[in-house]
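The next block holds one structure in the form of structure tokens; read it before the comments.
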2 protein chains.
Amino acid sequence: MKSKVTIKDVAQKAGCGVATVSRVLNGTGSTSEKTRKKVLAAAEDLGFVFSDIGRSLQSSTTRTIGCIVPSLANPIFADAVQGIQEEVQKQGYQLLLACSKYDAEEEQNVTRLLIAKQVDGIILTVNDTGTSKALDMIRDRGIPACLMFNRSVSDFPASGIDNFAAAHRVAQALHAEGHHHTGFLALNFQSSDRSRERFMGFQKGCQSFGMAEPVLLQIEEQSGDLSLLLHELLAAHGGLTGIFASNDFLAIAAIREAKSLGRQVPQHLSIVGFDGIEIGRMVDPSLATIETNARQMGCMAARHVLARLVNDAKSDTLKLIEPDQKALRLPYHFRSGGSLAPPEVKTTDGEEAATSSPSCHPTPSISS
Amino acid sequence: MKSKVTIKDVAQKAGCGVATVSRVLNGTGSTSEKTRKKVLAAAEDLGFVFSDIGRSLQSSTTRTIGCIVPSLANPIFADAVQGIQEEVQKQGYQLLLACSKYDAEEEQNVTRLLIAKQVDGIILTVNDTGTSKALDMIRDRGIPACLMFNRSVSDFPASGIDNFAAAHRVAQALHAEGHHHTGFLALNFQSSDRSRERFMGFQKGCQSFGMAEPVLLQIEEQSGDLSLLLHELLAAHGGLTGIFASNDFLAIAAIREAKSLGRQVPQHLSIVGFDGIEIGRMVDPSLATIETNARQMGCMAARHVLARLVNDAKSDTLKLIEPDQKALRLPYHFRSGGSLAPPEVKTTDGEEAATSSPSCHPTPSISS
DNA sequence: CTGAAAGCGCTAACAC
DNA sequence: GTGTTAGCGCTTTCAG
């Protein structure tokens with residue numbers, strides 16, 4: 001293990017003071033061509049790289065942005081982080097990544113760690129903006145931050161879409177196809193304000209369009225096997241013709257489980273997702289969903305935080321410019337797909353009207 | 001912007017020296033119950049959190065692990081990073097994440113940044129182990145590191161599967177179904193040693209099983225729209241009955257493009273992927289592929305690096321223990337799927353035998 | 001049991 | 001132009 005080579009080593013080898021080395025290598029101040037050469041040579045020779053920690057200590061800035069997401073397993077977050085990463089790297093910052101595992105306590109822990117690491121800014125998705133201790137800690141210290149996926153609160157701007165409106169839009173889509181009895185499928189409903197917002201928007205939508213009150217189908221992640229729980233849940237709610245899942249991952253899993261229950265999608269059951277992950281286009285049937293741009297969302301959040309950083313740096317105390325637009329609302333749109341179609345019409349005595357099926361059997365004759 | 005609260009502030013408020021504060025808060029040394037209380041109260045009151053950078057400067061350790069992957073857009077890397085993240089966080093370290101964008105120069109740049117940040121260890125996937133300057137820099141400094149997905153080289157252990165053998169297995173699978181004329185579809189072939197290894201394994205496999213030499217179908221990512229390029233490539237190679245794509249993402253895209261060309265998968269063309277991403281199970285037809293556990297791969301890599309860290313710390317100079325096993329070979333297996341089936345047999349004059357369409361016609365009567 | 005002080009790598013004032 | 005030095009936040013001797 002080679003011991004690290006410091007500015008002193010370079011200075012010694014170049015036969016000059018450390019300040020000169022700093023000046024040459026940073027291009028600050030003026031130096032004679034001669035010493036300049038010597039320093040450059042020495043540095044090159046020793047493979048010298050400035051230690052950011054020494055520099056940070058002195059400048060009280062780390063050029064590091066912290067990021068907290070629940071998990072990278074859901075591509076929606078991976079995409080967002082990718083967006084952040086690109087933007088941050090482009091501007092010469094680095095990314096300190098942490099995961100909260102959908103857990104409020106862990107969220108607070110990792111926040112503390114990021115703060116200890118003196119990150120210059122933080123981009124995060126919290127479980128619940130209303131109760132997050134992480135946000136309190138960040139606010140206390142006045143660290144520039146931006147939320148993602150969450151709704152904007154108090155001092156924190158947020159990059160994301162209007163969950164309520166988008167969910168409302170889903171209700172419209174289901175209504176347009178003639179659905180009446182629907183359900184909202186949520187994972188970890190209690191601990192996700194995003195999920196709750198979507199439910200509320202959907203609920204409101206169903207109401208507006210004269211549909212039945214949507215049934216809330218909750219699954220707690222830690223309570224067991226997802227497939228199994230889904231299976232049971234779907235089996236228990238055979239009366240629904242349409243389900244709105246709070247995210248695409250869940251929607252795709254639901255399609256699979258519905259199939260395994262012998263319920264054809266969309267003939268027997270329509271399913272709509274949320275997020276618009278790429279895979280949704282490729283599954284069969286393709287997933288009807290709300291399409292969002294997570295990458296862009298991360299990018300916007302990063303850009304916002306980074307902008308505040310340079311801003312703070314410039315006008316130190318007198319921050320008159322940029323009145324901090326709170327919500328970075330990104331566009332979304334409803335993407336239609338094979339998983340959403342009109343429900344089979346049943347007569348009151350339970351007999352169904354003829355409908356067409358997609359593949360071979362032109363008319364499934366169903367009688368009870 | 002509140003100025004940061006330092007150990008001095010706490011000392012002042014508690015009416016004692018900074019050393020005492022350090023001792024109390026770190027639980028080192030002994031202190032009277034009285035001052036102890038005062039310090040604790042003061043710290044709590046001020047919301048004090050130790051600055052890691054001061055601490056790092058003094059200990060020349062950052063409790064940070066650097067990670068470099070080409071991109072997070074491919075779920076295989078996102079999964080691996082998730083695995084690293086979990087393991088690292090569990091052991092009280094933090095993750096500094098960087099992306100190389102499949103670019104050797106960028107790879108070197110971000111490596112330099114991680115080194116400047118004084119990461120204690122590095123986990124990375126490089127474009128080409130043979131030519132990577134990043135590896136040189138890391139080696140020069142003796143930073144504990146572990147490769148992922150790449151093959152183990154010189155001083156670097158690697159966490160991953162045996163690409164050659166796995167690709168060989170794919171040839172076997174195609175052969176078993178009766179394929180003869182096959183192609184290997186690669187994205188950025190030149191800059192990926194993983195891709196090349198897979199090709200070689202496949203090539204060797206084809207040879208062993210008496211199949212025709214596989215055609216190499218290359219796509220350079222920067223040269224335009226992936227769909228379009230794929231489309232053209234597939235159109236130009238109508239003679240092939242089976243294609244082995246160097247990763248699942250590519251395979252899924254290929255299925256889509258094949259379909260849009262009117263070539264049914266698997267009736268007209270079989271496609272096999274590599275990686276085993278979750279989505280592969282859900283697409284239609286389901287993807288035959290080599291299944292790997294990226295999460296585990298990241299986890300193993302992290303564990304390895306972390307182990308070296310504590311090891312180095314313990315036995316400083318005398319590192320007799322752990323003879324550094326080089327390759328952390330993880331298991332893989334071939335997953336069959338709907339995208340792989342026997343090819344349609346054509347008569348020599350180019351006329352096709354009657355075949356079945358996927359859904360309704362039960363028995364494909366194949367005659368030559 | 002506790003405080004003073006050195007020193008980690010670096011930058012920026014300040015002398016020369 | 002260039003060297004010396006203080007000091008960023010912390011831990012760790014070393015005295016007291």
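So you know, we letter chains A, B, ... as the sequences are listed, proteins then strands, and number each from 1.
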Integer-rounded Å distance: [N] [atom2] and [X] [atom1]:
| X | N | atom1 | atom2 | result |
| --- | --- | --- | --- | --- |
| B:R23 | D:dT13 | CZ | P | 11 Å |
| B:I7 | D:dT11 | CD1 | C1' | 8 Å |
| A:K8 | D:dG3 | NZ | C1' | 14 Å |
| B:Q118 | D:dG9 | CD | P | 19 Å |
| B:F50 | D:dT12 | CZ | C1' | 13 Å |

What contact category does [X] fall into here, base, sugar-phosphate, or nothing, at under 4.0 angstrom with non-hydrogen atoms?
| X | answer |
| --- | --- |
| B:S60 | nothing |
| A:T35 | sugar-phosphate |
| B:G54 | base |
| B:D52 | nothing |

Outermost nucleotides of DNA chain C that come under 4.0 Å of a non-hydrogen atom of chain B: C:dC1 to C:dG9
Salt-bridge present (B:D52, B:R63; N to O < 4.0 Å): no
Carboxylate-amine/guanidinium proximity below 4.0 Å for B:K37 and B:E33: yes
Among A:V126, A:T125, A:I123, side chain to side chain contact (heavy atoms under 4.5 Å, CB included) partner for A:L147: A:V126
Expected output: side-chain A:D45 to main-chain A:A41 donor-acceptor under 3.5 Å: no
Residue list, side chain to side chain contact (heavy atoms under 4.5 Å, CB included) with B:L40, at least two apart or on another chain: B:V24, B:L25, B:R36
Comparing B:L57 and B:V18 on DNA chain C - which has the more 5′ nearest nucleotide: B:V18
Upstream residue (5' side of DNA chain C) when B:A19 and B:S59 are each assigned their closest nucleotide: B:A19
A:K34 side chain near D:dT2 phosphate (N/O to OP1/OP2, under 4.0 Å): no
Side chains of A:T129 and A:D193, donor plus acceptor under 3.5 Å: yes
Non-hydrogen side-chain atoms of A:K117 and A:T62 separated by less than 4.5 Å: no
